[in-house]
Participant: 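Have a look at this one before I ask anything.
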Amino acid sequence: MREGKILKKDKNCSKEKHKELTSLAAKIKAKALENQRKLKSPNESTSEDSVKHDEKENVKDGQAQDGQKDEENTLESFNDLKLVPELIEACKNLKFDKPTPIQASAIPPALEGRDIIGLAQTGSGKTAAFAIPILNKLWEDQLPYYACVLAPTRELAQQTKETFDSLGALMGVRTTCIVGGMNMMDQARELMRKPHIIIATPGRLMDHLENTKGFSLRKLKFLVMDEADRLLDMEFGPVLDKILKVIPTQGRTTYLFSATMTSKIDKLQRASLTDPVKCAVSNKYQTVDTLVQTLMVVPSGLKNTYLVYLLNENIGKTVIVFTRTKANAERLSALCNLLEFSACALHGDLNQNQRTGALDLFKAGRRSILVATDVAARGLDIPSVDMVVNYDIPVDSKSYIHRVGRTARAGRSGKSISLVSQYDLELILRIEEVLGKKLPKESADKGIVLSLRNSVDKANGEVIMELNRRNKERTARGGNRRTRMNAKANMDKEEF
Ligand SMILES: Nc1ncnc2c1ncn2[C@@H]1O[C@H](COP(=O)(O)OP(=O)(O)OP(=O)(O)O)[C@@H](O)[C@H]1O
């Protein structure tokens, strides 16, 4: 990874500095070995175990909205849903033994042709909950431009396409992903192949609706808004309204899905849903009970050191670190690499190839740390993620729910830690309020933190110098203009 080479590339980095940093890396590795030894010794209980215990006691029963219990939403098999055999077979191939509660709740009314508002926790199988009824109906009709799924980010759109491809594998379904940052002409050619299902980010879809001859959604049968509350945010509002104006309202079925709902959805419900069924198998802001959530209070100026401490304590785990800004994501990814943790960055200032490349490396396990902005907060399904670290506390409480939901998916366990500085107290109180519980505090080993501090600060200084040097170089090459143009091409109304 290019950030990892900072040390080698930087001519100003003296041998001495290099030595210090290498000795830090050696310390970190020694600590990792110690951690691994601890893991192998089953009798030793870790502080994490006790946090887990406390947390479990805090978690309320998974009471569904309107008094509806999760158990009522269980079906023993996909056969009970009377789906076409090709879909049942595909579910088997995907090792989906039985419908998840949201699938059991949403698929029957969806098969009856109803509009659906689906609310269920992160990682609970919402994608298949809307994909299965669409594919089942498509089997009867097999028409081009049959369904359109809108997603707020390119990565989520691509992932949703993959789910449709796997579930529709035995049905000859044609799908296409239409997102920003990719070549318009290639996408126009894809659209001319008349796919059955289009999975798109709103901005680029609108571009094609306005500019690609022969493409229209006038005969659309299904519209899905995944992460519906996000799509209704200010940024997406105007483009969404435009899309809604050029697709039919008569004869169109609409599904809205999310793990978090807002009153804004009710607005959209008024605008484009017909007598929808509300399938809610969780409360408004409910996280899964297999997720252990804690916070760590961080003294001012020590956030980087605490992050390195945490990564060091969790070596061998797959971690997503969330930041509020693209610059922080880039800097921390470089810092991690300089300290010989393997990391990559994902944010809206990267071009699409870099974004896809970073995600692929992380998914394939070739990088154990993904440092990302909220572009990775929603929808991404990477089962191997063990831990989420909130380096910056999200300003929006809903964002917190989605970020921590990148781990503990589909019944697995997972952990999240939020680094809380004195400036974040108000934000964390608001988050605790929507969660309906206090987040237990976890403490760091102060001795280790202090021993790391100088080296981490020095490494951070190196990284900042290198990033500044690169920025200057880019400016000198006239890259500023290019960066601005690139950023514009990247615009999907989803920049973080
Ligand atoms: N019936 C099922 N049985 C087992 N696994 C399932 C089933 N349905 C879906 N899954 C798996 O569960 C995981 C999470 O599903 P999905 O990504 O659809 O969650 P989600 O509810 O949309 O989460 P988010 O709110 O974060 O977007 C996926 O890996 C998916 O393959």
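Remember, it's 1-based here, ligands and their atoms both numbered in the order they're listed. Predicted model only: the values in this text are computed from it and were never measured.
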Participant: Is it the case that Asn328 and Asp392 place a side-chain donor and acceptor less than 3.5 Å from each other?
Facilitator: yes
Participant: Between ligand 1 and the protein, tabulate every N or O atom pair separated by less than 3.5 Å, reporting distance only.
Facilitator:
unit_1: ligand 1; atom_1: 1 (N); unit_2: Lys98; atom_2: O; d: 2.9
unit_1: ligand 1; atom_1: 1 (N); unit_2: Gln103; atom_2: OE1; d: 3.0
unit_1: ligand 1; atom_1: 8 (N); unit_2: Gln103; atom_2: NE2; d: 2.8
unit_1: ligand 1; atom_1: 17 (O); unit_2: Arg409; atom_2: NH2; d: 3.0
unit_1: ligand 1; atom_1: 18 (O); unit_2: Lys126; atom_2: N; d: 3.4
unit_1: ligand 1; atom_1: 18 (O); unit_2: Thr127; atom_2: N; d: 3.0
unit_1: ligand 1; atom_1: 18 (O); unit_2: Thr127; atom_2: OG1; d: 2.6
unit_1: ligand 1; atom_1: 19 (O); unit_2: Gly125; atom_2: N; d: 3.3
unit_1: ligand 1; atom_1: 19 (O); unit_2: Arg409; atom_2: NH2; d: 3.3
unit_1: ligand 1; atom_1: 21 (O); unit_2: Ser124; atom_2: N; d: 3.0
unit_1: ligand 1; atom_1: 21 (O); unit_2: Ser124; atom_2: OG; d: 3.4
unit_1: ligand 1; atom_1: 21 (O); unit_2: Gly125; atom_2: N; d: 3.2
unit_1: ligand 1; atom_1: 21 (O); unit_2: Lys126; atom_2: N; d: 3.1
unit_1: ligand 1; atom_1: 21 (O); unit_2: Lys126; atom_2: NZ; d: 2.8
unit_1: ligand 1; atom_1: 22 (O); unit_2: Thr127; atom_2: OG1; d: 3.4
unit_1: ligand 1; atom_1: 23 (O); unit_2: Gly123; atom_2: N; d: 2.7
unit_1: ligand 1; atom_1: 23 (O); unit_2: Arg409; atom_2: NH2; d: 3.0
unit_1: ligand 1; atom_1: 25 (O); unit_2: Lys126; atom_2: NZ; d: 2.7
unit_1: ligand 1; atom_1: 26 (O); unit_2: Arg406; atom_2: NH1; d: 3.0
unit_1: ligand 1; atom_1: 26 (O); unit_2: Arg406; atom_2: NH2; d: 2.8
unit_1: ligand 1; atom_1: 26 (O); unit_2: Arg409; atom_2: NH1; d: 2.8
unit_1: ligand 1; atom_1: 26 (O); unit_2: Arg409; atom_2: NH2; d: 3.3
unit_1: ligand 1; atom_1: 27 (O); unit_2: Glu227; atom_2: OE2; d: 3.3
unit_1: ligand 1; atom_1: 29 (O); unit_2: Asp381; atom_2: OD1; d: 3.4
unit_1: ligand 1; atom_1: 29 (O); unit_2: Asp381; atom_2: OD2; d: 2.5

Participant: Taking atom CD as the centre, does Glu140 end up with more than 12 heavy-atom neighbours from other residues, nucleotides or ligands that are less than 6.0 angstrom away?
Facilitator: yes
Participant: I'd like to know if the side chain of Gln159 reaches the main chain of Asp381, judged simply by a donor and an acceptor atom lying under 3.5 Å from each other, with no hydrogens or angles considered.
Facilitator: yes
Participant: Measuring centre to centre across the rings, with the benzene-like ring taken for any Trp, is Tyr285 within less than 6.0 Å of Tyr400?
Facilitator: no
Participant: How about Tyr255 and Phe130: are their ring centres within less than 6.0 Å of each other?
Facilitator: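 No, the ring centres sit 6.0 Å or more apart.
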Participant: Just to verify, what does Asp275 make a salt bridge (Lys or Arg N to Asp or Glu O under 4.0 Å) with, not counting sequence neighbours?
Facilitator: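 Asp275: salt bridge (Lys or Arg N to Asp or Glu O under 4.0 Å) contacts with Arg114.
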